[in-house]
Amino acid sequence: METIKERIKQLCDIIEQHNFLYYVKNQPEISDFEFDLLMNELIKLEGQYPEYKLPNSPTSRVGSDINNEFASVPHDYPMLSLGNTYSEGELRDFHNRVKKELELEPEYVCELKFDGISISIKYINGDFVRAVTRGDGTRGDDVSNNVKTIRSIPLKIKDEDFPKDIEVRGEIYMSRDIFNMLNEQRRQAREQEFANPRNAAAGSVKLLNSREVAKRKLDCFFYYAIGDELPAKTQWESLILLRKWGFKVSENIKLCKNFSELIEYINFWDKERKNLPYDIDGIVIKVNSFKQQEILGFTAKTPKWAIAYKFKAEQALTKLLSIDYQVGRTGAVTPVANLEPVWLGGTIVKRASLHNADQIALLGIRIGDMVYIEKGGEIIPKIVGVEAHEPNSEPTKFIEFCPECGTKLIRPEGEARHFCPNTESCPPQIKGRIEHFISRKAMNIESIGEETVNLLYEAGLVKTPADLYKLNKEQLVKLERMADKSSENIINSIENSKNVPFERVLYALGIRYVGEATAKKIANIFGNIEKLASASKEKLMEVDEIGERIAESIIEFFNNKNNLKIITELMNAGLKFSLEKAANLSDKFNGLSFVISGTFNNFSRDELKLIIEKNGGKIMSSVSKNTDYLVAGENMGPAKLEKANKLGVKIISEGEFLKMLNE
Ligand code: IVH
């Protein structure tokens, strides 16, 4: 006779097989009634013999009323996003870049870009271990209990030949039917409706009660597998494997051999997408071969071997009421349209961006016009066209003087935007720089918000970031609505910010075009502010990913006496203007420049770059007379090799590199 333990295991397997047939294959073999009988038997047995309950039992799919706690956990592999393109021309640019780097025409896999929220699920020995949201890409929330309620997601990998340790990634979404039903229920219950299926899916995944999540009937398409022993050499093979392992992979994937096949696929789905039962917002195009993907590598945030083609967004027609001009921290002036409120893509829109004077002239836009608006990748929608002019209206004239400080605006050569040149005393620029300086990714001075910056500025206490470090508690308590305790918090968090590492201090300085990733890169390469400040344009441009625009902006920043004064004051206040010693493993490659090409056996290209940088070396993107070594991997591009030979640059193999490293 079979034991209870065996029967429980058997029921789990049978129920999961029927879940798979119903939710993934869409081919149920038993009635709902028969399914419920099996489920009830399992629930009963697990109740009687809790010691035999399996951790990934299908009964966990109904959720529980115990309040979820979403622990923040690191991703084993970062969760990146994709670069976006909006036109055939931009897609062609991507294709040309890929061809140039690979020196051949690659095969691509085209996939639908599902509009939901991404999830990464870890399976060990085939068992569902943990599901984590994207979060900031390096850490996310553990939402395992909620994700287990999604019936199409395997709790156990089917088949035998799966790697021991694997992570699979996909998009959790809500179908339009379920979304409409949910909103209807919420309308009746007088609850706030969701704007669109994506928001509904995102909100559901983060619900505290997993039993409620189970009712939301979410679903998930998978599109990516990562692991050390993945038995696939291409994206296509990995999708087929995922399907074989029981994951729901879209039927609408396609292998494309050339550019015109990509365009054909895109055009087909642009028309056809309205007939899908779920939302997609574009197409994802991925280089098929993993070897080629590795050669192409990554930028700080996105792979260079894949790109998203975004469909043209929905439009709405409304009336332009007036134009405001906003001044940002860099002095850039942005015209913003005030509109008659209109419903667009699930939200009510009242404001839209007009970008710059050229855009206004191009659209020929006038106050009172009926205009088309559209939601792009950004949160704030934009005006894309004029339907009809308001009769008797005057052409719009871009303002000549700063609306905040009255200074005459300038428009630097080659810039589409107007700027207020009064960097020193134009209030939104001063406040904007301080707000940027204290922001979370910069100095993270949490206790000061926008309102406090305003107070400090109005009271004449803070005009530059350096002034923050001169504040004392007595000055703060005198300010409006400032209690003893909050003054103390502010002083403490300013004091604490002195421990922020160099790379974030550099980012906090607000050098135009120097974002978080660039700041980190240059901090690691130059090591301290003196070296950075004295670097020439050429020297700056030798750094991987620093182009002319960024290099010029850095030079300009350090040529400004006021900036140097602020830096000196910040230094005297005790902020970190050089890398901590421990950040580097050694300075063995100090002063040496490397170019790497091809693929390597012992590390990925990104790992190799990091090792070189951590040992004091510099990575350059192309071979020049300043290159010391070309590290040649397998399948390296012949162009780099030829150039290195011509310039007499030393070419070393992976083995020789390792020897240098270990010497
Ligand atoms: S691949 C490293 N494939 O789009 C590449 N992403 O903007 C990882 N998405 O965060 C992404 N459908 O949430 C990929 N077929 C698909 C996708 C897809 C939707 C989402 C995903 C990702 C975002 C990128």
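Just so you know, ligand 1 is whichever comes first in the structure, and atom 1 is the first atom listed for that ligand.
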Hey, are the side chains of Ile283 and Lys113 touching, using non-hydrogen atoms and a 4.5 Å cut-off?
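When only atoms from C-beta onward are counted, Lys113 and Ile283 do not touch, as no gap falls below 4.5 Å.
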Show the short N or O contacts, below 3.5 Å, that ligand 1 makes with protein N or O atoms; if there are none, say 'none'.
unit_1	atom_1	unit_2	atom_2	d
ligand 1	3 (N)	Lys286	NZ	3.0
ligand 1	4 (O)	Lys113	NZ	3.3
ligand 1	7 (O)	Leu82	N	3.4
ligand 1	12 (N)	Phe114	N	3.1
ligand 1	13 (O)	Ser118	OG	3.4
ligand 1	13 (O)	Glu171	OE1	2.5
ligand 1	13 (O)	Glu171	OE2	3.4
ligand 1	13 (O)	Tyr223	OH	3.4
ligand 1	15 (N)	Glu111	OE1	2.8
ligand 1	15 (N)	Leu112	O	3.1

For [X], what residues pass the ring pair (Phe, Tyr, Trp, His ring centres under 6.0 Å) criterion, not counting sequence neighbours?
X: Phe221; answer: Phe114, Tyr173, Tyr278
X: Phe247; answer: Tyr123, Phe222
X: His95; answer: Tyr108, Phe259

So does Lys350 have more than 12 non-hydrogen atoms from other groups sitting under 6.0 Å from NZ?
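For Lys350, atom NZ is not crowded (no more than 12 foreign heavy atoms under 6.0 Å).
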Under a plain distance cut-off of 3.5 Å, with no hydrogens placed, do Tyr223 and Glu171 share a side-chain donor-acceptor pair?
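Yes, Tyr223 and Glu171 have a side-chain donor paired with an acceptor closer than 3.5 Å.
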